[in-house]
Amino acid sequence: MNVSLEKFDHYFKRIEPILKSLKEAGGRAYLVGGCVRDLVLGIDLKDLDIEVHGLQAEQLEHVLARHGTVMLVGKKFGVYKIARDDVDWSLPRADSKGRKPDVAVDPDMGIEQACRRRDVTMNAMAIDLHQVLEDHQQTKKLYRASVIDPYGGLDAIKNKSLRAVDQQLFLEDPLRFFRVMQFIGRFQMQPDQALNDLCKTMQLWDSVTDSPLARERIFEEIKKMLLKSRQPSRGFRWLASIGRLEQTFPELHELIGCYQRPDYHPEGDVFEHTMQAIDAAATSKLYQETERMSCEQEKFMIMLGVLCHDLGKPAVADEQGRAIGHEKTGLEPAKKLLGRLTDDIFLHKAVRKIVRHHLYPFQLVDAGAKLPAYKRLANRLAPEVSMRQLGIVCLSDYQGRNGVGSLPLESGQEKYDAFLEQAGRAHVVDRPEEPVLLGRHLLDLVAPGPEMGKLLKQAYEIQIEQGITDIEELKKMVLGKKYK
């Protein structure tokens, strides 16, 4: 099969001089891995993986150095970068088992054998870049390229099937279990029976170092799934289907069978609700870049919050399907789930605030709450979470209630808009109201310390509740007879 090189064009212009140098040195470069898959799927390329055959490590490094400062991602791993570039240049290698394998670089390894060490067949394809270079030199344009496909990756993509390239090699890297989970959600593909059987029983343990799989590596796969999937629920549903959800995400497993009132939750149990809610969050168009975080970072924080928002329900659910207080009991399981993935303090704090307050936005709208209530909520969320961000969580929660299918509802936007309108009137959409009375205003009467802190808190509460923003008036109200 030939694949269009349209999405590769701007990359080719950058690497063409390097390809020419590699050819002169006797090397042959192949585009490999996920970027070939993405060209086949028509997905924009984010970075490139290029494997160079026919050269020793020192030769490759010497060639690359002629085009920029070479960064050794890991010389023992045979991977190089040129500074400020997003291309990985590697050498064909045969890895031993484990998270920190011994690497034997083999410049004379054929491309078919090199592809064999890939995880699934859709990632075990290559494009001969020197053939692309020769075609370009003749035509002065990029059209299409032939895909080297020794293990049936094109057929797997066509049939939306995930297949292991080599079952034994697949088992030697336990991270591949989570990569399968990520691919299921991200590409909406399903493992074939052989791969499912492997994943049902494979050890999620580094047999060489005799230690758990590094959580940082798992975290990156979960992050990719949440950020790049239209239906990340597929990955978690797959874990449940092969009996591995309890081991990998026990807090989510507890949601299975947790009954909910059908008049509020016609979709079924809490697990089904959570899966629909994260799919709603995954496809939301409401994410924005802020002063504190990128659009992608905001989405990831909210996705984690939505994933954890109802983890407290099993602890308090009654026979009628009510779960009063679940926003409080959800704090501990959310902490445990996140703790197995990351130590990021900001994410931990943000997700806890989301879990604790996720019910408030639409409750305030339904109750016709006054502006001070919006100001109080914004203050409790700060500085990690904004009212707009919590509104997205609440909207996703609302949309995860489809009783006639697994796709989230598209309703609820009017409630979200009403919430933001009121938050806007209170001037707290993106940050809480700033206190007008500050410590420096009291220094002539009160020494810094607990008493001053108490007075400032009292003044801020008056400011929010009564709308008083005159500094002198606030000083009179909190200082009483002390104020002259």
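Model, not experiment: these values are computed from the prediction. For reference, positions follow the sequence shown, starting with 1.
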Is it true that Lys81 and Asp85 make a salt bridge, defined as a side-chain N closer than 4.0 Å to a carboxylate O? no

State, yes or no, whether a side-chain contact exists between Ile127 and Tyr30 at a heavy-atom distance under 4.5 Å. no

Ring pair (Phe, Tyr, Trp, His ring centres under 6.0 Å) assessment of Phe419 paired with Phe362: CA-CA 7 Å; Phe419 172 71; Phe362 289 5; 7.3 Å; no

Other residues, nucleotides, ligands: >12 heavy atoms within 6.0 Å of Glu6 CD: no

Taking the six-membered ring of Phe187, is NZ or CZ of Lys160 closer than 6.0 Å to its centre and within 45° of its axis? no

Side-chain donor or acceptor of Arg215 paired with backbone N/O of Gly339 under 3.5 Å: yes

Within-4.5 Å side-chain heavy-atom neighbours: Ile184 and Leu162: yes

Please check if the number of heavy atoms outside Gln203 that lie under 6.0 Å from its CD is greater than 12. no

Sub-3.5 Å donor-acceptor pair from the side chain of Gln260 to the main-chain atoms of Gly268, do we have one? yes

Could you tell me whether Tyr264 atom OH has more than 12 heavy atoms of other residues or ligands within 6.0 Å of it? no

What pair of heavy atoms forms the shortest contact from Ser90 to Val79, and how long is it? CB-CG2, 4.1 Å

Can you check side-chain hydrogen bond (donor to acceptor under 3.5 Å, both in side chains) on Asp108 and His53, steps first, answer last? CA-CA 6 Å; Asp108 299 319; His53 291 233; over 6 Å; no

Any side-chain to backbone donor/acceptor pair from Gln113 onto Gly110? Under 3.5 Å, distance only. no

Checking Glu298 against Gln389 for the side-chain hydrogen bond (donor to acceptor under 3.5 Å, both in side chains) test, could you report, in this order, the C-alpha distance in whole Å, the side-chain angles of both residues, the deciding distance, and whether it holds? CA-CA 8 Å; Glu298 175 176 281; Gln389 291 166 342; 2.8 Å; yes

NZ or CZ of Arg380 within 45° of Tyr360 ring axis and under 6.0 Å: yes

Go through the steps to decide whether Asp128 and Arg28 satisfy the test salt bridge (Lys or Arg N to Asp or Glu O under 4.0 Å), and finish with yes or no. CA-CA 8 Å; Asp128 187 337; Arg28 196 166 196 93; 2.9 Å; yes

Is the number of heavy atoms from other residues, nucleotides or ligands within 6.0 Å of CD (Glu246) greater than 12? no

By the definition ring pair (Phe, Tyr, Trp, His ring centres under 6.0 Å), identify the one residue from Phe170, Trp205, Trp238 that meets it with Phe177. Trp238

So which atom in Leu407 and which in Asn402 form the shortest heavy-atom distance, rounded to 0.1 Å? O-ND2, 2.7 Å

Reported CD-to-CG distance for the pair Glu51 and Leu129, which is rounded to 0.5 angstrom: 11.0 Å

Taking Asp149 for the side chain and Gly152 for the main chain, is one N or O donor matched with an acceptor at less than 3.5 Å? yes

N/O donor-acceptor pair under 3.5 Å between Lys299 side chain and Ala282 backbone: yes

Begin with the C-alpha distance, continue with both residues' side-chain angles, and end with the deciding distance and a verdict on salt bridge (Lys or Arg N to Asp or Glu O under 4.0 Å) for Asp430 and Arg388. CA-CA 6 Å; Asp430 295 311; Arg388 180 184 57 81; 3.5 Å; yes

Are there over 12 heavy-atom neighbours, none belonging to Arg144, within less than 6.0 Å of that residue's CZ? yes

Are Leu381 and Leu390 close enough, and set up right, to give a side-chain contact (heavy atoms from CB on, under 4.5 Å), and what steps lead you there? CA-CA 9 Å; Leu381 295 174; Leu390 189 67; 3.7 Å; yes

Say whether, by atom type as modelled, one donor and one acceptor occur between the side chain of His62 and the main chain of Gln59 under 3.5 angstrom. no

Got a sec: does the NZ of Lys415 have more than 12 other heavy atoms crowding it under 6.0 Å? yes

Please confirm whether the backbone N or O of Ser406 pairs with a side-chain atom of Glu267, one donor and one acceptor, at under 3.5 Å? no

Under the salt bridge (Lys or Arg N to Asp or Glu O under 4.0 Å) criterion, do Arg179 and Glu220 qualify, and how do the steps go? CA-CA 10 Å; Arg179 285 177 62 79; Glu220 286 304 313; over 6 Å; no

Checking Thr69 side chain against Ala65 main chain: does a donor-acceptor pair fall under 3.5 Å? no

Will you find, in the side chains of Asn123 and Arg118, an N or O donor that is under 3.5 Å from an N or O acceptor? no

For Leu226 against Met303, the heavy-atom pair lying closest together: O-CE, 3.5 Å

If we only count heavy atoms from C-beta on, is the Leu337 to Cys308 side-chain gap below 4.5 Å? yes

When you measure from the side chain of His348 to the backbone N and O of Thr342, does any donor-acceptor pair fall under 3.5 Å? yes

Over all atoms of both residues, closest heavy-atom pair of Ala25 and Val63: CB-CG2, 3.9 Å

Straight-line distance of Asp192 CG to Leu198 CG, nearest 0.5 Å: 8.5 Å

So, Gln399 side chain and Ser411 main chain: donor-acceptor pair closer than 3.5 Å or not? yes

Evaluation steps, side-chain contact (heavy atoms from CB on, under 4.5 Å), between Arg234 and Met225: CA-CA 10 Å; Arg234 288 174 175 259; Met225 185 179 75; over 6 Å; no

With side-chain contact (heavy atoms from CB on, under 4.5 Å) as the criterion, how do Met125 and Ile148 come out once you've worked through the C-alpha distance, each side chain's angles and the decisive distance to 0.1 Å? CA-CA 6 Å; Met125 300 183 291; Ile148 300 168; over 6 Å; no

Apply ring pair (Phe, Tyr, Trp, His ring centres under 6.0 Å) to His309 and His273, showing your working. CA-CA 11 Å; His309 81 283; His273 165 66; 5.1 Å; yes

Does CD in Glu296 sit with more than 12 non-hydrogen atoms of other residues, nucleotides or ligands closer than 6.0 Å? no

Look at Glu216 together with Lys223 and state whether they make a salt bridge at an N to O cut-off of under 4.0 Å. no

Output, in order, the C-alpha distance, side-chain angles, deciding distance and verdict of side-chain contact (heavy atoms from CB on, under 4.5 Å) for Tyr416 and Ile392. CA-CA 8 Å; Tyr416 171 82; Ile392 299 173; 3.9 Å; yes

Chi angles and distances behind the salt bridge (Lys or Arg N to Asp or Glu O under 4.0 Å) call for Asp155, Arg163: CA-CA 10 Å; Asp155 183 61; Arg163 305 169 188 164; 3.2 Å; yes

Correct closest heavy-atom pair for Ser146 and Asn2 would be CA-OD1, 3.2 Å

For the ring pair Phe249 and Phe178, is the centre-to-centre distance below 6.0 Å? no

